[in-house]
Amino acid sequence: MPFVPHTPEETQEMLACIGVDSLDNLFACIPAGMRPKHFNLPDGLSEYESCSRLEDMAGRNKHPSISFMGGGFYDHSIPKAVDALSGRGEFLTAYTPYQAEAAQGTLQAIFEYQTVVTRLMGMDVANASVYDAGSALFEAAMMAARATGRTRFVLDEGVNPLYRSMLNTLTANLSMKILTIKRDKTGLPDLNALNGAIDGQTAAVMVQNPTFFGNVLDYTDLFQQAKTVGALSVLCVYPVMQAVLKTPGEMRADIAVADGQSVGQPLNFGGPYLGMMACSKALIRQLPGRIAGRTVDLEGKTGYVLTLQAREQHIRRAKATSNICSNQALCALRSLIHISLLGPEGLIKTAERSLELSRYAEAKLCALPGVTRLNNAPFGNELALRLPGPAKDFYASLAREGIIAGTLPGHWYEGEENTLLVACTEKNTESQIDRFAAALKMRIKP
Amino acid sequence: MKTIFAQSSSGRKGVIPAKPERTAEDMLPKYLLRRTPPRMPQVSELDVVRHFTALSRKNYNIDNNFYPLGSCTMKYNPKFMEYAASLPGFALMHPLLAQQPGGESMTQGSLEVIHETERLLAEVTGMAAFSLQPMAGAQGELTGALLIAAYHKHKGNKKSKIICPDSAHGTNPATAALAGYEVINIASKDGVLDPQILGNALDDSVAALMMTCPNTLGLFEKHLPELVEKLRASDALLYYDGANFNAIMGRMRVGDVGFDVVHLNLHKTMGTPHGGGGPGSGPVGVSERLVPFLPGPCVYKKTDGSFALQDNLPLSIGRVTPFYGHFGVFIKALAYMLRLGGHGLARASDFAVLNANYMRKRLERVLEIPYNEICMHEFVASASAYETHGVKALDIAKALLERGYHAPTVYFPLIIKECLMFEPTETENKATLDKFCDDLIEILEQAEKNPENLRAAPVNLPVRRLDETKAAREMVLVDEV
Amino acid sequence: MNIPADLKYVDTHEWLRLEGEIATIGITEFAQEQLGDITFVELPAVGTHLSAQQSMGAVESVKAASDLYSPVSGIVLEINTALESSPELVNNEPYTGGWMIRVKCTTPPQGLLSAGEYAKLL
């Protein structure tokens, strides 16, 4: 029996000690009428057979030879040391660090992770992570609602549509009003409309940088406007680009969130990633989830503990800041190790190479007949293009050749049927872009 | 130990993944750029490897330590599951690919993993359908509460309350509140829920009862059929918190006995590692009447045997995750279920219950066991008798750490004084349990003879007891180096 | 257990000192002992209208959090800002330096306990 170590003799001895004569009798408390109607599961397999089954399934996925997919999830290179270190059983098979003396490794790592997040975002404090950026956005909204006593939100359409859709689902049974501000005709945030929508009833304005369409903005004025009417500002960012872009702190955001996928997590078909959350010190008691703090032991030696736990569900129950319990500790550790390995220079070079390639792509692709940029505003490593015809037709045709052209915003935005988002990371190359441009050119009718 | 920031030397390089020719200033206007580079550690790769290896050695973990942490199911995490999750064929898949033109045909293997895992979980639990999308147990609970809300709204029911027993996990009332419900707490009687007490709390405004079975005292809820009947009569739904599911695989299916919603913690029952606090995976299963409300998109099998995504689900509560939850976690659960099979899963529960009862019997002479009857996969004991020696449950926990064991859960459930909650799991052998019990018995003898030793424990770990009050008052939450 | 005779009490373990229509409110020695080392005190803003038995804030210790209930109906005139940086005052001087809020009562307080009556509850 896999993973059950008992010998038949031991089982008998243990049953005798308990005073029952069979394993079945341990379950005598379950009435006959409540027994399973059936339990038709397959027979167990050997380890080799189990692995083969999964290898077969993995083999039924087809990997594109070239991909420019982004849409909030980016294929950046991950140093192998990240896997080697985070895969150590000492990290992997530990529980939540409730017994601090026996969990200093995890606790110090959380403390260092919090430091990395605050330095990346230019904010005061951070928590130990939530599930992903979408849940971070939801938690940020809940923070703002509690801090302001208000329930109305101004949400820009340039925030990732997946996160916005999560926010709508998760708040559906609450008395919150989310006003989504439509992008302008070129796919940029409509700053006038955003400004106009913020009033004394607004709990928070929520925007993203770079936007889903890849544009880079400075929201300082918008956040200032929010502040004057007592509303908070929430900014969703992209950690890799944050190595070079103006920080949420520099823009005076109150809460910053991000998906930590791009720093140390494989794409993994959607997870696990991590939601990074940071805020100003004034909001610390509204922050959900675990937080590690530095202290001393009774001999004065430095150590770390989970702190401010009175905010959390296991103490405050129905009045907790959130219901979150498990977070993304191992993913946060991966992000910490990844960022430590790269250092400031590695992070900046990664961002710059991604920017550089996306500019190369701009030059090559916009040279094709009928291909233009959606707008001429500054952009990061993701480029919004207008194609001469329905983007999905080009996309499907290129996919058959093993080229994933990017992401189609038309899936979520009306009127963007001809738009294609092309993302580059340092893992792409100029020659891939050349191949893509040539393949696209062949498909454009003169 | 120094932080990674304290080891930084200006100009020392780690891993530089790219060599761009242009700088950010070349490519973007200055007003969009950060004023100073992020102050990240400047260390070598070897510095990083040494630092995190040293940190890892300051952790207790299943690979090194017996971990009888009640309600947390710290069983062995089989190593082959890590291999399965790391297969490049899975790990490199982009979350948006399946929904792009031509994407379904490129992601058949991953879609099959989802379909197969959901199918097996439905059979294990007896639910009509499963969704793997919730990213952890608490998000599974929230998804469940939203499903309950959508069901009542669709029926035109006006329901504003959710009932939670006093023994519930803290996430239950927190979830109900987060989903917009008023939380009604009810007391247990003789360690279990009482139909009379439930009846008194039930009225037309109750949307659901959230419970777990066996409950957090490790006791089977013997009045379950009556509870189900009462709830049905007022169109309230029954929610099952799967935290304790490791007790009953193959012995009871929650769908068969009338539960409407269940979340499982795959990082407990299905042996996926906890990672120092996550990532988990909290799939949610539903009875037939809640299927239309499940989060979207969902994966189905076409008549030709291929797999496809359905996103046109008019009654769905919507999206709870970027794509389909923690694929990298639930694929390990699939590996586990394939390896164990139905027989192996049922045996896992049998031996989890055997181990818990064996420990209970071995410890009943030294610890008060408030409900000293056959328990399920865990049991609670009270150390209040040792308070006369000035020894608290926490001191016993720390003394166990000193001997190389992770402590049991302390001070939960809240309804037992000086509570210690033991869950040995099925993967521990008799010798480990015996040694642990012998050591605990010796610790409890010490509690009477030399209580100051327990109050001073632990002395042999990387740190002694830490000043939590100082941490909370001073709030040093980031490194200032 | 110190239960000053010149104060009034409620069964949720708050004390109050009445001077005309002004009430000074804090938590009792028993309450602070039950909570342990207090790490944070959340108080209502000056100008808040409170009604009797309504939650007016919370006190947190490392392992517990407890709501504060207003023993009277009235308007918050002043809060003890010293508690922001020194929450331990509630532990060390619950009846003096650890006071929490000053309220102008809008209706005469009702159902208050004397020191003797409160002592019987403990």
Side-chain angles (χ1 to χ4, degrees), chain A residues 5 10 14 18 23 29 36 41 43-44 50 54 57-58 60-62 69 85 88-90 92-94 96 101-102 104-106 115 131 165 169 173-174 244 266 268-272 293-295 297 303 307 313-314 317-318 320 323 326-327 329-330 341 343-344 352-353 356 392 396 399 426, chain B residues 14-15 18 20 24 37 52 55-56 58-63 84 87 89 91 93-95 101-102 106 108-109 135-136 138 149 170 173-175 177 180 183 220 253 273 275-280 318-319 323 326-328 338-339 341-342 344 350 357-358 429-430 461 463-464 471 476 478-479:
Chain A
E10 285 170 341
M14 292 168 81
I18 298 164
L23 289 168
C29 56
L41 286 140
D43 291 338
S50 316
L54 290 155
M57 290 187 209
R60 286 198 273 282
N61 282 336
K62 287 190 210 118
M69 269 198 120
L85 293 167
R88 287 180 65 89
E90 293 89 337
L92 189 66
T93 71
T96 306
E101 300 90 340
Q104 284 299 296
T106 294
T115 307
Y131 314 127
S165 140
T169 303
N173 207 38
L174 303 176
V244 298
N268 254 331
F269 212 40
R294 180 186 269 161
T295 185
D297 74 359
T307 191
Q313 48 79 23
H314 61 284
R317 297 174 81 84
N323 71 338
S326 282
N327 60 12
L330 197 74
L341 284 165
E352 288 177 336
R353 178 65 180 150
E356 181 175 87
K392 67 174 173 18
E426 77 289 353
Chain B
V15 178
F52 287 98
L55 276 188
S56 76
K58 294 172 176 246
N59 268 0
Y60 275 22
N61 52 84
I62 302 178
D63 285 2
L87 287 169
M93 296 311 278
H94 195 288
M106 303 178 82
Q108 283 296 302
M135 297 179 278
T175 297
V183 181
F220 189 82
R253 302 196 317 161
R319 192 178 282 278
F323 174 54
H326 285 164
F327 186 93
L338 290 175
R339 175 90 172 89
D350 286 3
N357 278 288
Y358 180 69
N429 66 29
K430 180 171 176 290
L461 282 156
V463 290
R464 306 271 312 265
V476 179
V478 293
D479 202 3

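These figures come from a predicted structure and were not determined experimentally. In what follows, chains are A, B, ... by sequence order, proteins preceding strands, each numbered from 1.
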B:F327 and A:F269 have their tightest heavy-atom pair at CD1-CD2, 3.7 Å
After noting the C-alpha distance and the side-chain angles of A:E90 and B:D63, does the key distance pass the side-chain contact (heavy atoms from CB on, under 4.5 Å) rule?
CA-CA 7 Å; A:E90 293 89 337; B:D63 285 2; over 6 Å; no
When the 4.5 angstrom heavy-atom criterion is applied to A:N327 and chain B, the contacting part is both
Most contact-rich option vs chain B, by heavy-atom pairs under 4.5 angstrom, among A:P36, A:A320, A:G270, is A:P36
So NE2 of B:H94 and CE of A:M69: to nearest 0.5 Å the spacing works out to 5.0 Å
If you tally heavy-atom pairs under 4.5 Å between each of B:G341, B:A174, B:A149 and chain A, the highest tally belongs to B:A174
OG1 (A:T93) and CG (B:N59) are apart, to the nearest 0.5 Å, by 9.0 Å
Exercise. Can a donor-acceptor pair be found between the side chains of A:N323 and B:T175 at a distance below 3.5 Å?
Worked result: yes
Most heavy-atom pairs under 4.5 Å with chain B, out of A:G343, A:A102, A:G293, belong to A:A102
Assert top hit (heavy-atom pairs under 4.5 Å, partner chain B, pool A:T169, A:T96, A:T106, A:L54) equals A:T169
From the list A:T295, A:T115, A:N61, A:N268, the residue making the most non-hydrogen contacts under 4.5 Å with chain B is A:N61
Of the listed A:P266, A:S326, A:P272, the one with the largest count of heavy-atom pairs under 4.5 Å with chain B is A:P272
Checklist entry - With no hydrogens and no angle check, do the side chains of B:S56 and A:R88 hold a donor and an acceptor under 3.5 Å apart? => result yes
On a heavy-atom basis, the closest approach of A:E426 and B:A18 is CB-CB, 3.8 Å
Most contact-rich option vs chain A, by heavy-atom pairs under 4.5 angstrom, among B:K430, B:R319, B:K58, is B:R319
Heavy atoms of B:P279 and A:L330 approach each other most closely as CD-CB, 3.8 Å
In this structure, CZ of B:F52 is separated from CG of A:L341 (nearest 0.5 Å) by 8.0 Å
Nearest heavy-atom approach of B:V463 to A:Q104 is CG2-CG, 3.7 Å
Okay, B:V183 and chain A: the region with an atom under 4.5 Å from a heavy atom over there is side chain
Max heavy-atom pairs within cutoff under 4.5 Å with chain B, candidates A:S165, A:G303, A:A399, goes to A:S165
Cut-off 4.5 Å, heavy atoms of chain B, and the answer for A:I18 is both
_Donor-acceptor contact below 3.5 Å, side chain B:N61 vs main chain A:A94_ = no
Scored by heavy-atom pairs under 4.5 Å with chain A, the best of B:G14, B:G344, B:P273, B:G102 is B:P273
In terms of heavy-atom pairs under 4.5 Å with chain A, the winner among B:G89, B:A84, B:A177, B:A136 is B:G89
Between B:P101 and A:K392, the two heavy atoms sitting closest are CG-CB, 3.6 Å
Chain A shares the most heavy-atom pairs under 4.5 Å, among B:P37, B:G318, B:G180, with B:G318
Is there side-chain contact between A:R294 and B:D479, with at least one heavy-atom pair below 4.5 Å? yes
When every non-hydrogen atom of A:E352 is compared with those of B:P20, the smallest separation belongs to CB-CG, 3.8 Å
